[in-house]
**Student:** 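Quick one: the structure is below, questions incoming.
Since the model is a prediction, treat every value here as computed from it, not as a measurement. Whatever order the structure lists them in is the order used to number ligands and atoms, beginning at 1.
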Amino acid sequence: MNNNNIPDVNLNLNVRGLPQSATLFINEKSNELKKQGKSVYKLGLGQSPFPVPQPVVDELKVNAHQKDYLPVKGLPQLREAVADYHCKNHGICYSPEGVIIGPGSKELMFMLQYVYYGDLIIPTPSWVSYAPQAQIIGRHVRWLHTSRKNNWRLTAEDLDAHCNDDPHRPRIVILNYPSNPVGVTYSVEELKSIAMVAQEHKIILLSDEIYGELHHQGKHVSIAKFYNEGTIISSGISKWCGAGGWRLGTFIFPESLMWLLNSMAVMASETFTSTSAPIQYAAIRAFKRGEYIENYLWRTRWILSKLGNKIAKMLNENDIYTPKPEGAFYLLADFYKYKKRLKTKGITDSKSLCAKLLDETGVAILPGKDFGMPPEELTARLAYVDFDGVKALSAAELVNSIDQIDDEFLDYYCGNILKAINLIIDWIKG
Ligand SMILES: Cc1ncc(COP(=O)(O)O)c(C=O)c1O
């Protein structure tokens with residue numbers, strides 16, 4: 001082959017040097033080690049371990065023949081089911097006209113950032129993809145750092161102080177709760193205070209509630225209740241319904257922000273056209289809920305709550321600080337008490353901490369740096385999902401109270417994760 005005839009590399013400046021999404025990278029690296037015959041504990045990728053509820057799978061089968069392009073904003077019956085779901089379950093009664101369906105909420109977030117003209121404010125730590133999306137588009141990102149003493153949650157005071165610097169600047173603030181990567185959420189009082197500040201500064205709140213249904217006590221409250229006119233709720237079926245690979249996400253807008261939805265719909269019409277038709281038909285069943293899905297949800301919450309709390313206890317008892325989990329399937333561990341000891345091993349930041357841990361123990365966790373935390377902070381996210389969710393769920397269906405998800409249950413069905421936690425503890429102390 002004559003090398004003079006192949007095209008030159010010419011990449012958009014915004015994506016030049018941008019690495020692959022951190023969570024996907026750790027997954028590939030773990031698979032590579034597994035292929036080499038090493039034991040790997042995958043606490044990196046945040047994917048639901050549970051199966052898609054059977055009635056939703058059945059609905060997908062029945063709708064496999066659906067082949068037509070659907071309306072850009074989504075199948076009308078699904079938009080209605082989504083609006084209805086938010087109204088019945090969270091008391092947020094926006095019109096079905098305010099719903100847009102996309103191939104994952106991630107894609108909808110990208111479009112929102114693209115069509116909106118203003119700054120993006122991201123409290124740290126935060127999910128790995130918000131900032132790279134802004135970078136791809138060429139948007140300005142402002143980080144709002146939070147602190148361990150507040151379990152890494154945004155405070156109304158910090159938001160207010162940030163906005164007072166330039167009160168009239170157009171801004172979107174992303175608020176994610178229960179949170180990835182910390183696994184904590186906000187109280188009603190905290191949500192009210194943040195909502196008041198947002199309202200005062202006319203901020204657009206993108207309320208990322210993808211883990212809302214995985215509030216361990218089933219008590220998720222949306223901030224939209226307190227700032228209806230400026231809040232967009234982001235959700236979908238990836239987490240609570242175990243259907244990440246189905247790729248379906250939802251945004252719901254209040255009347256006052258329809259200009260954003262309409263603009264996103266134009267962009268969707270020129271890019272992905274519409275979300276997969278069979279998946280949209282099946283998702284109607286998911287959002288309609290009913291007894292089967294409620295039972296499924298409670299069992300998944302019980303398992304996650306018991307497992308998360310057990311891990312947090314093990315870590316805290318060994319001086320690895322972790323907030324008590326309240327939702328989703330993540331824990332943020334802070335190894336700051338081991339700073340000196342880690343330094344003797346040549347570890348001075350979260351990246352080298354996770355790289356060495358993976359090399360020496362086979363436990364894959366993600367560095368706090370990937371979530372926007374200062375690199376020198378010795379923090380890492382653990383996703384406690386490396387277990388057989390089908391088996392654990394079937395067993396949990398036979399119990400009728402959370403108390404029956406005891407240590408014996410966790411050892412039997414989630415033993416691999418507990419082993420990984422012990423490996424982390426032994427390694428850090430060794
Ligand atoms: C906080 C958060 N938001 C959004 C998403 C995107 O979800 P999806 O695109 O599958 O709807 C994820 C996925 O990991 C997430 O953790």
**Student:** May I ask you to check whether Asn31 and Lys42 show a side-chain donor-acceptor distance below 3.5 Å?
**Tutor:**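 Indeed, the side chains of Asn31 and Lys42 share at least one donor-acceptor pair under 3.5 Å.
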**Student:** Cut-off 3.5 Å, no hydrogens considered: what does the side-chain donor-acceptor table look like for residues 47-57, sequence neighbours left out?
**Tutor:**
| residue | atom | partner | partner atom | Å |
| --- | --- | --- | --- | --- |
| Ser48 | OG | Phe50 | N | 3.1 |
| Gln54 | NE2 | Asp58 | OD1 | 2.9 |

**Student:** Closest heavy-atom contact between Glu209 and Ser222?
**Tutor:**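 Looks like OE2-OG, 2.6 Å.
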**Student:** Please tabulate, one pair per line, all N/O donor-acceptor pairs under 3.5 Å involving side-chain atoms of residues 237-249, not counting sequence neighbours.
**Tutor:**
| residue | atom | partner | partner atom | Å |
| --- | --- | --- | --- | --- |
| Lys239 | NZ | Gly46 | O | 3.1 |
| Lys239 | NZ | Tyr211 | OH | 3.4 |
| Trp240 | NE1 | Gly236 | O | 2.9 |
| Arg247 | NH1 | Gly244 | O | 3.0 |

**Student:** Do the non-hydrogen side-chain atoms of Tyr330 and Val182 ever get within less than 4.5 Å of each other?
**Tutor:**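 In short, these two side chains do not touch, never coming nearer than 4.5 Å.
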**Student:** Just to verify, what does Glu294 make a salt bridge (Lys or Arg N to Asp or Glu O under 4.0 Å) with, not counting sequence neighbours?
**Tutor:**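 Salt bridge (Lys or Arg N to Asp or Glu O under 4.0 Å) list for Glu294, sorted by chain: Arg289.
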**Student:** When you look for protein heavy atoms under 4.0 Å from ligand 1, which residues do they belong to?
**Tutor:**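 Close residues (ligand 1, cut-off 4.0 Å): Gly104, Ser105, Lys106, Met109, Trp127, Tyr130, Asn176, Asn180, Asp208, Ile210, Tyr211, Ser238, Lys239, Arg247.
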